Amino acid sequence: MAHLRPYPASDKHMTPLDFPGARVEDWQQKGVEKLGEMLQKYRSLQVYMDICVKCGACADKCHYYLGTGDPNNMPVQRAELLRGVYRRYFTPAGKLFPKLVRATEFDETTLQKWFTYFHQCSQCRRCSVFCPYGIDTAEISMAAREIMDAIGVGHKYTTEIVGKVHSIGNNLGIPGPALTGTLQFLEDDLLDTTGHEIRLPLDQEGADVLLITPSADFFSEPHISSLMGYAKVFHQAGISYTFSSYASEAANFGMFIGSYAQKQKIAKRIADKARDLRVKRIVVGECGHAWRVAYSFWNTLNGPFDFLDPNYPVPQHICEFTHQLNERGALVFDKEANDDLTVTFHDSCNVARASRMGASSGGQFEIPRALIRATANKFVEMDADTIRERTFCCGGGGGLLTDELMDLRVRGAMPRVTALKRVMEEDGVNYVALICAICKAQFNKILPMYGIPMETVGGVHALVNNAIQIGAKRGIV
Amino acid sequence: MLALIAYLALLTFIFGFGWRIWTYWRAPAPLKIPTTPAPVCKSGVVWRMFTEVAFFNSLFKGNKWTWLGGYLFHAALALVLIRHLRYFVQPLPEAFAYIQTVGIIAGLAMVGGLGFLLVRRFWVARTRYISSFADYAILALLLAIGVTGLLMQYVFRPDIVEIKSAMLGWVTFQGFPTPSDALFVVHFLLVLALMFVFPFSKLMHLGGIFFSPTRNQVDNPRERKHVNPWAVVE
């Protein structure tokens, strides 16, 4: 079947990331060695290789399995593709009785299966919620991808994007001058529509906040509406902020390819720039996996952030930021501005299952919903089995948001679209609010294929953008 | 001969299990990866682990039937094991009298639960697809242990006194005279086989679950710097 398998990376994508440019000569041995090395570096991998009892509770939880019906997309079976090799080379049972325990050679057939199926996992972690041992297929598919990269078998889309971050500064490859032009254009636009000078500053030293957002926010629809929402919040709160042309990207595709080194290198740009610009806080825009890396990994990768203001968590999510300002009475919303919308919320997987907002457990669910309720009158939840930690992936995460995987993306979106269609029919929902750039791009393209207009999708801050009253003051800030 | 096998099995189990746990212990968890919503403090993590181990919380969310079969088997097994302590403890505390009947009934429940899991593994196309010989073999082994045990309880009663003295001798390393009852010897050999394969099989989920980072980590990466030992450059 077409569009279910990724394009292989070539030399020009691989070598800039310190991966071999082509498949290495003794790839079988190198691959097995790399697996051995990773087993010693990652407790998750070692434990998850050993303790799966194949109960099958995860099997029907994966949106790609539900969408494709391919048994290799059951999380347990996906993991077995790696476990088979692990057993063959690292366990007595697999060395002595490979057939009885289904141990497999790391041969061409196995490698081809790896390349297909570990790129049919969006690392959304839905299976890990239901696993009695918390086995996280994301950890396993990341490991498999890193092993493949180490032997020169990479994925074109993800490696190309990481390369662009290093050479140009962001995933979309927007050069500095284009960024300056875009921000200028948006400022003019905001002046025309609101009558207020709402700034979108770039590389401004000494600003209070460094705002790091997915580069799609500068260029794509519906992402831009959220960007304008952020700008209005900063303007209205009177907090100075800046973007950075050097670190103009929040996304971190190092996570998708499982590379610790790349994750660290990509994240370091942001920490370095924050230090250079002498900001006091770092705020991250609407991007799911970027928020996971920022929230969970930045402190480990690049911390301590002791040069920032200790009164704020590092980093902060833009939803936390706006929500806090609203709670303090710094913002005024006109909810009626969104009265043409009946809103539902799609929890993006990396936010829902791999990060937090606010001080208490589950804040990542409550804060965006509180913002929606503060900015819109009509809010409806989708089926309880498809939201919060049980949310379905959009189908395009984990480095799969590429045209060569279009069939897979359409099928993977099916469970989410099914739940969405239901609230559209039963409750008249006509707007899906969400806080992930990949979800926005994926739905934008996929929903029309299911007969849903693409305008249905938008950011939470697009609602903020509509409802916020510029110039209005309420009480003491 | 039986004594030799029995000691080999015991040592394999103890050292094999310990070696696996040591493997998990020494492998670093380089990044914070709890599956959220996760507890933000240590006591919350202890509670989360407790609910997983005592009630199979996540499995309950995942599949009610699997939970039912699995829980029935594990809970019954726990009771049966506790009841079996009477063969390894001398003198016997009075409390053991109260577990006796419960433990015997649990034996039936255990075999029932195992039978359910085995049938399910055959029956449900998804689980049949993912099952290897080893998956069936372990279930069959456990079933055989359960059935031989029940036979001794309900049909062919062996000489308990003789068996108890043998068991006490075995675990205190004071010699192991082979009991005369054939059914017991079969039951015992099956248990020894289980002890042999335990450290090399998926049965290690017993110890491994405590090392699962998605379940045992505190969700506090912003508040506290989590250090990755192999990335520290000095």
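Chain letters run A, B, ... following the sequence lines, proteins first and then strands; every chain starts at 1. The figures that follow rest on heavy atoms only: side chains count, while hydrogens, waters and symmetry mates do not. Bear in mind that the values here come from a model prediction, so they are computed numbers and not experimental data.
Looking at A/Lys263, only its side chain comes within 4.5 Å of chain B, counting heavy atoms on both sides. Heavy atoms closer than 4.5 Å to chain B are found in the backbone of A/Ala359, but not in its side chain. Of the two parts of A/Phe365, only the side chain, counted from C-beta on, holds a non-hydrogen atom closer than 4.5 Å to a non-hydrogen atom of chain B. Looking at B/Ser212, the atoms closer than 4.5 Å to chain A (heavy atoms on both sides) sit in the backbone and in the side chain alike. Both the backbone and the side chain of A/Gln46 come within less than 4.5 Å of a heavy atom of chain B. Looking at A/Gln264, there are no atoms closer than 4.5 Å to chain B (heavy atoms on both sides), in backbone or side chain. A/Tyr312 does not touch chain B: none of its heavy atoms, backbone or side chain, sits under 4.5 Å away. Contacts between B/Thr35 and chain A at a heavy-atom distance below 4.5 Å involve backbone atoms as well as side-chain atoms. Of the two parts of B/Pro34, only the backbone, made up of N, CA, C and O, holds a non-hydrogen atom closer than 4.5 Å to a non-hydrogen atom of chain A. Contact of A/Phe305 with chain B is not made at all, since no heavy-atom distance falls under 4.5 Å. For A/Val53, the parts lying near chain B are the backbone and the side chain together; criterion is any non-hydrogen pair under 4.5 Å. The contact between A/Leu39 and chain B is made entirely by backbone atoms, counting heavy-atom distances below 4.5 Å. Interface remark: A/Ala352 contributes backbone atoms only to the contact with chain B (heavy atom separation under 4.5 Å).
With hydrogens and angles ignored, the 3.5 Å screen pairs no side-chain donor or acceptor of A/Arg390 with any backbone N or O of B/Lys61. Judged purely by atom type and a 3.5 angstrom limit, B/Thr36 uses its side chain to pair as donor or acceptor with the backbone of A/Arg353. Looking only at distances, no side-chain donor or acceptor of A/Lys54 sits under 3.5 Å from a matching main-chain atom of B/Ser131.
Of residues 135-142 of chain B, those residues with a non-hydrogen atom less than 4.5 Å from any non-hydrogen atom of chain A are, in numerical order, B/Asp135. Contacts of residues 198-211 of chain B with chain A at a heavy-atom distance below 4.5 Å involve B/Phe200, B/Ser201, B/Lys202, B/Met204, B/His205, B/Gly208, B/Ile209, B/Phe211, listed in sequence order.
Chain A forms more heavy-atom pairs under 4.5 Å with one residue of B/Arg121, B/Lys32, B/Arg26, B/Glu52 than with any other, namely B/Arg121. When each of B/Phe56, B/Trp230, B/Tyr24, B/Trp25 is scored by its heavy-atom pairs under 4.5 Å with chain A, the top score falls to B/Trp230. Taking chain B as the reference chain and counting heavy-atom pairs below 4.5 Å, the highest number among A/Ser296, A/Gly94, A/Pro304 is found for A/Ser296. For the options A/Gln40, A/Arg125, A/Lys41, A/Arg356, heavy-atom pairs under 4.5 Å to chain B are most numerous at A/Lys41. Put simply, of A/Pro92, A/Cys127, A/Pro71, the one with the most heavy-atom pairs under 4.5 Å next to chain B is A/Pro71. Per-residue heavy-atom pair counts under 4.5 Å with chain A were compared for B/Val40, B/Asn63, B/Asp219, B/Leu59, and the maximum is reached by B/Asp219. For chain B, the option among A/Pro132, A/Gly363, A/Ala57 with the highest count of heavy-atom pairs below 4.5 Å is A/Pro132. For the set A/Gln364, A/Arg87, A/Arg388, the count of heavy-atom pairs under 4.5 angstrom toward chain B peaks at A/Gln364. Among A/Ala59, A/Cys58, A/Ser128, A/Ala93, the residue with the largest count of heavy-atom pairs under 4.5 Å with chain B is A/Ser128.
Counting heavy atoms from C-beta outward, A/Val314 and B/Glu223 have side chains that stay 4.5 Å or more apart. Between B/Pro221 and A/Phe297 there is no side-chain heavy-atom pair separated by less than 4.5 Å. Using a 4.5 Å heavy-atom cutoff, the side chains of A/Asn72 and B/Tyr129 are in contact. Side-chain contact check for B/Ser58 versus A/Cys131: every heavy-atom pair is 4.5 Å or farther apart. Considering only heavy atoms from C-beta on, B/Pro28 stays 4.5 Å or farther from A/Arg43 through its side chain.
B/Thr23 contributes atom OG1, which lies 8.0 Å from atom CG of A/Asp50 (distance to the nearest 0.5 angstrom). Here the CH2 atom belonging to A/Trp298 is positioned 11.0 Å from the CZ atom belonging to B/Arg222, to the nearest 0.5 angstrom. Going from atom OG1 of A/Thr300 over to atom CZ of B/Arg224 covers 13.0 Å, rounded to the nearest 0.5 Å. Considering CZ of B/Arg215 and CG of A/Asp136, their distance stands at 9.0 Å, rounded to 0.5 Å. Between atom CD1 of residue B/Ile130 and atom SG of residue A/Cys52 there is a gap of 7.0 Å, rounded to the nearest 0.5 Å. Note that CD1 of A/Ile51 is 11.5 Å distant from CZ of B/Arg20, once rounded to the nearest 0.5 Å.
The shortest heavy-atom contact between A/Ser361 and B/Pro39 is OG-N, 4.5 Å.
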Give the C-alpha distance, both sets of side-chain angles, the deciding distance and a yes or no for side-chain hydrogen bond (donor to acceptor under 3.5 Å, both in side chains) between A/Tyr48 and B/Thr214. CA-CA 11 Å; A/Tyr48 298 157; B/Thr214 54; 3.1 Å; yes

